[in-house]
Amino acid sequence: MRFVETEVAGVIVVEPDIHRDGRGFFLETFHAAKYAAAGIPATFVQDNHSASARGTLRGLHMQILQPQGKLVRVTAGEIWDVALDVRPDSPTFMHWTASTLSAETFRQLYIPPGCAHGFCVMTDLAEVQYKCTELYDPEDEIGIAWNDPAAAISWPVTDPLLSARDRANPSLRDALAVVAERRAGVLRT
């Protein structure tokens with residue numbers, strides 16, 4: 001198993017060892033001690049599973065007061081998975097990285113708390129499963145416009161299928177202002 005650091009601090013690509021033979025395959029999709037040694041927390045509290053059609057873009061999403069770390073993998077199809085660093089104290093603040101994840105390669109992407117996450121579907125259908133370090137709280141979530149020029153993400157789609165919520169996501173600048181305001185309000189109380 002290999003853990004590959006990306007150009008964004010704390011975002012790690014996991015390349016598992018896959019054992020294939022005439023019967024099929026076997027691999028570890030999570031091993032607490034190995035992942036923790038590579039900088040990925042061993043404590044996950046929620047697993048999610050989504051299915052999406054080709055051209056779907058989900059994101060960019062994050063939680064404000066209870067940021068989630070996510071360990072993402074694909075069990076059917078292929079996605080282009082993105083992490084955008086919106087941690088003001090990070091050395092890679094405002095940088096993004098992307099990785100192709102597929103059911104064929106079994107690669108995973110760990111996205112640390114404080115990064116926004118999104119992906120687009122590159123095959124007719126993709127099923128995505130991900131572990132989260134915090135529980136989902138819809139009141140704590142904020143989105144960022146997928147095509148905001150300030151983020152300058154080079155998505156491989158130009159006219160994606162978006163949810164109504166994702167079509168209405170604020171600009172990166174406006175989202176960061178909301179995050180700062182909400183966090184400052186918590187510190188004052």
Side-chain angles (χ1 to χ4, degrees), residues 5-14 35-36 38-50 52 56-73 79-99 101 108-121 128-157 160-189:
E5 293 183 18
T6 68
E7 55 275 1
V8 172
V11 177
I12 301 168
V13 174
V14 181
Y35 280 56
I40 298 172
T43 303
F44 291 97
V45 298
Q46 181 176 329
D47 282 4
N48 298 323
H49 186 155
S50 71
S52 305
T56 296
L57 192 149
R58 295 184 183 265
L60 298 158
H61 303 146
M62 63 179 285
Q63 290 194 172
I64 299 171
L65 300 177
Q66 297 177 6
Q68 295 176 308
K70 296 177 180 177
L71 180 62
V72 183
R73 68 188 183 110
I79 66 170
W80 195 71
D81 205 23
V82 174
L84 171 64
D85 190 346
V86 291
R87 302 167 292 181
D89 58 344
S90 171
T92 55
F93 178 60
M94 302 289 286
H95 294 168
W96 62 272
T97 188
S99 184
L101 306 181
Q108 300 174 348
L109 189 65
Y110 176 69
I111 301 159
C115 288
H117 174 240
F119 66 85
C120 63
V121 177
V128 178
Q129 296 184 15
Y130 55 100
K131 299 179 157 313
C132 300
T133 60
E134 291 290 337
L135 295 175
Y136 173 69
D137 179 356
E139 300 300 316
D140 193 37
E141 184 176 38
I142 191 165
I144 298 168
W146 69 278
N147 58 350
D148 188 306
I153 297 171
S154 301
W155 294 97
V157 294
L161 299 172
L162 298 167
S163 68
R165 181 185 70 173
D166 284 345
R167 274 194 299 278
N169 281 342
S171 69
L172 176 57
R173 180 180 148 190
D174 290 347
L176 290 175
V178 169
V179 169
E181 181 179 303
R182 290 268 316 273
R183 289 181 178 160
V186 168
L187 293 174
R188 283 191 288 255
T189 59

Next on the checklist: Walk me through whether Q108 and Y130 qualify under side-chain hydrogen bond (donor to acceptor under 3.5 Å, both in side chains).
Outcome noted: CA-CA 9 Å; Q108 300 174 348; Y130 55 100; over 6 Å; no
Checklist outcome for this item: With sequence neighbours left out, the residues meeting ring pair (Phe, Tyr, Trp, His ring centres under 6.0 Å) with W80 are W96, W155
Item to check | Residues R173, D148; criterion salt bridge (charged side-chain N to carboxylate O under 4.0 Å, His left out); working and verdict | outcome: CA-CA 9 Å; R173 180 180 148 190; D148 188 306; over 6 Å; no
Item to check | Sidechain-backbone polar pair: T92 side chain, H95 backbone, donor-acceptor under 3.5 Å | outcome: no
Checklist entry - Under the salt bridge (charged side-chain N to carboxylate O under 4.0 Å, His left out) criterion, do R87 and D85 qualify, and how do the steps go? => result CA-CA 6 Å; R87 302 167 292 181; D85 190 346; 2.9 Å; yes
Next on the checklist: Treating R58 as the side-chain partner and S52 as the backbone partner, does any N or O pair qualify as donor plus acceptor under 3.5 Å?
Outcome noted: no
Checklist entry - Do T97 and E7 have side-chain atoms, one donor and one acceptor, less than 3.5 Å apart? => result yes
Checklist entry - Got a donor-acceptor contact below 3.5 angstrom from the Q63 side chain to the D137 backbone? => result yes
Next on the checklist: Quick check on E141: does its CD atom have over 12 non-hydrogen neighbours (other residues, nucleotides or ligands) under 6.0 Å away?
Outcome noted: yes
Checklist entry - Going by heavy atoms in the side chains, are V13 and T6 under 4.5 Å from each other? => result yes
Checklist entry - Is the closest side-chain donor-acceptor distance between D166 and H61 under 3.5 Å? => result yes
Item to check | Close side-chain approach of M94 to L176, heavy-atom, < 4.5 Å | outcome: yes
Item to check | Considering all heavy atoms, the nearest T133-G69 contact | outcome: OG1-N, 2.6 Å
Item to check | Residue list, side-chain hydrogen bond (donor to acceptor under 3.5 Å, both in side chains) with D47, at least two apart or on another chain | outcome: K131
Item to check | ring pair (Phe, Tyr, Trp, His ring centres under 6.0 Å) involving F44 - partner list, sequence neighbours excluded | outcome: F30
Item to check | Any Y136 side-chain heavy atom under 4.5 Å of Q68 side chain | outcome: yes
Item to check | Pairwise distance OG(S50) to CD1(I79) - rounded to 0.5 angstrom | outcome: 8.0 Å
